[in-house]
Amino acid sequence: MPCGMIPIPELQTLPSRLARLCLDVERFCRDDLKMADGKRWLLAVSGGADSTALLCIMALLAPRHDWRLHVATVDHQLRPESAEDAAFVARLCQDWRIPCRILTADVARLARQDGLGTEEAARLARYALLEQARLSCGATAILLGHHRSDVAEDQLLRFLRGTGWPALGGMRAEDAERHLLRPLLRTDNRALKELLHHCGILWREDSSNADTRYTRNRLRHTVLPLLRQENPRLEEACLHLWELAGIDGDYWQQELERHLARTPWQEASGSITLPRALLRGAHAALRLRLYHRAVARLARLSGGQARSATLLALDQAWQDGRGGTTFQLPGNIMAHLKGGSIRFYVENRQDAQKN
């Protein structure tokens, strides 16, 4: 073995608590994420502790399931040391003989060009590049290093944005539409760092994580510590909320499918119409989820996202029979009431400017 090279950990050499951690992740991958043997996975690795631990655990588990691993690391070009972070990931993958590709995005330019905040521009660029890499290497899904504390942060962010239930429960362990999996979502990030320390595996610290100009960092460094003072088991409570949201989400998915099978909505290019027959007699909880589903489908074209307050106002207008009323949602998505039906559509920006 070359001098300085760190071997991939082996399950039998780990202390029992760390071996259990890896086996818990394995069980979550098998039972919840349904990750079949013999598949190829793309790991998104930034070089930080969480994603480096993901790489470590998946490299350890891969031989047990004939998993073929590929790695992608995204250089957002926002920090002077970002290229060094990407090089660190590439070296670790080289040591472990895992194919790695470095992806770059000029996030600052994209933010200016598209009129977005830096966080949003970075997120959109990152996931677009990762999806391209997934297709290029033929991976079944992209694996992300989000863990239990990220669930609490995400729930708080969604609460502040006015997200409705059950999406308020936070990020999903599986996002089939975007081919994303989060194997560490039940795992304590302190245990992940303990694993890396034990194995002698270093990681990179992202200095921007301390920058409280970013909303997520402000919550992480100010609000969440206060909440932990009130409830030291905050992450556990948030994980229970996440589990309940998942159960409710599955139920409502089945209900929506059942109602749409009986009375389908009408879909055309860039528009979805919920007919009066579909909405009439439905409980408000079902109507709101139909609105959200229509907006979410159109959002793939526009990037918009429904807000609870707007959907509640839309539903009140429908109940009041206010035909001819139009609501605007984020992403240039419009909702127009007519004859007891609601038509959702993406407004052409150029046409809107002309009018």
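Values below: all heavy atoms of this structure, side chains included; hydrogens, waters and symmetry mates excluded. Note that the coordinates shown come from a computational prediction; the quantities given were computed from them, not determined experimentally.
- Judged purely by distance below 3.5 Å, without hydrogens or angles, the side chains of T273 and S341 never pair a donor atom with an acceptor atom.
- Of all non-hydrogen atoms in G47 and F88, the two that sit nearest each other are O-CE2, 3.9 Å.
- A 6.0 Å sphere centred on CZ of R213 holds no more than 12 heavy atoms belonging to other residues, nucleotides or ligands.
- A salt bridge is defined here as a Lys NZ or Arg NE, NH1 or NH2 lying under 4.0 Å from an Asp or Glu carboxylate O, and E119 with R216 fails to meet this definition.
- With hydrogens and angles ignored, the 3.5 Å screen pairs no side-chain donor or acceptor of D75 with any backbone N or O of T104.
- Remark: the backbone N or O of F344 is not paired with any side-chain donor or acceptor of S271 at under 3.5 angstrom.
- Residues H198 and L14 form a side-chain contact, since some pair of their non-hydrogen atoms from C-beta on lies under 4.5 Å apart.
- Smallest separation of non-hydrogen atoms from L129 and A105: CD1-CB, 3.8 Å.
- With respect to E267 and R297, a salt bridge is recorded, a charged nitrogen being found less than 4.0 Å from a carboxylate O.
- Ring planes of W41 and W67: perpendicular class, angle over 60° (limits at 30 and 60°).
- Side chains of S136 and R101: a donor on one and an acceptor on the other come within 3.5 Å.
- Ion pair E236/R186 not flagged as a salt bridge, since none of the NZ, NE, NH1 or NH2 atoms sits closer than 4.0 Å to an Asp/Glu carboxylate oxygen.
- A side-chain donor-acceptor contact under 3.5 Å links T13 to the backbone of E10.
- When side chains are defined from C-beta on, H259 does not count as touching R289, because their heavy atoms never get closer than 4.5 Å.
- For E177, the salt bridge (Lys or Arg N to Asp or Glu O under 4.0 Å) test picks out R300, with sequence neighbours left out.
- Looking at D206 and R79, their side chains come closer than 4.5 Å, going by heavy atoms from C-beta outward.
- For H197, the ring pair (Phe, Tyr, Trp, His ring centres under 6.0 Å) test picks out W203, with sequence neighbours left out.
- Put simply, the side chain of P183 reaches to within 4.5 Å of the side chain of L54, judged on heavy atoms.
- A donor-acceptor pair under 3.5 Å is absent between the side-chain atoms of H76 and the main chain of A108, judged by distance alone.
- Scanning both residues, K193 and A49, for their nearest heavy atoms gives CE-CB, 3.8 Å.
- R172 meets the side-chain contact (heavy atoms from CB on, under 4.5 Å) test with D175; sequence neighbours excluded.
- Between the side chain of Q155 and the backbone N or O of G169 there is at least one donor-acceptor pair closer than 3.5 Å.
- L168 places a side-chain heavy atom less than 4.5 Å from the side chain of R158.
- In this structure, I6 and G200 approach most closely via the heavy-atom pair CD1-O, 3.1 Å.
- A donor atom on one side chain and an acceptor atom on the other are found under 3.5 Å apart for R182 and H146.
- With sequence neighbours excluded, the residues forming a side-chain contact (heavy atoms from CB on, under 4.5 Å) with D320 are Q316, R322, listed by chain and number.
- Here the side chains of L69 and W96 are not in contact, with every heavy-atom distance at 4.5 Å or above.
- Note on L130 and L116: separate hydrophobic clusters, where clusters join Ile, Leu, Val, Met, Phe, Trp and Tyr whose side-chain heavy atoms are under 4.5 Å apart, directly or indirectly.
- Here the side chain of T163 pairs no donor or acceptor atom with the backbone of F159 at under 3.5 angstrom.
- Between L144 and L180, some side-chain heavy-atom pair lies under the 4.5 Å cut-off.
- Side-chain contact annotation: N217 with T212, donor-acceptor N/O pair under 3.5 Å absent.
- In this structure, L11 and R64 have side chains that are in contact, with non-hydrogen atoms separated by less than 4.5 Å.
- Within the structure, every pair that satisfies the side chain to side chain donor-acceptor pair (under 3.5 Å) test and touches residues 274-287, not counting sequence neighbours, is listed here: R287-D315.
- The environment of E257 atom CD is dense: over 12 non-hydrogen atoms of other residues, nucleotides or ligands sit within 6.0 angstrom.
- Inspection of the H336 and T326 side chains reveals an N or O donor paired with an N or O acceptor under 3.5 Å.
- Of the charged side-chain nitrogens involved, at least one lies within less than 4.0 Å of a carboxylate oxygen, so that E194 and R17 count as a salt-bridged pair.
- Classification of K34 and E174 as a salt-bridged pair fails, no side-chain N sitting under 4.0 Å from a carboxylate O.
- The minimum heavy-atom distance linking L21 with L195 is given by the pair CD2-CD2, 4.5 Å.
- Between R91 and D95 there is no salt bridge, since none of the side-chain N atoms of the basic residue sits less than 4.0 Å from a carboxylate O of the acidic one.
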*asked:* Show, in sequence, the C-alpha distance, side-chain angles and deciding distance for E84 and R204, and conclude whether the salt bridge (Lys or Arg N to Asp or Glu O under 4.0 Å) test is met.
replied: CA-CA 9 Å; E84 297 176 12; R204 303 282 294 183; 3.3 Å; yes

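- For the ring pair (Phe, Tyr, Trp, His ring centres under 6.0 Å) test, no residue two or more places apart in sequence or in another chain qualifies with H70.
- Taking a 6.0 Å sphere around CZ of R190, one finds it holds 12 or fewer heavy atoms contributed by other residues, nucleotides or ligands.
- At least one donor-acceptor pair closer than 3.5 Å links the side chain of R40 to the backbone N or O of C137.
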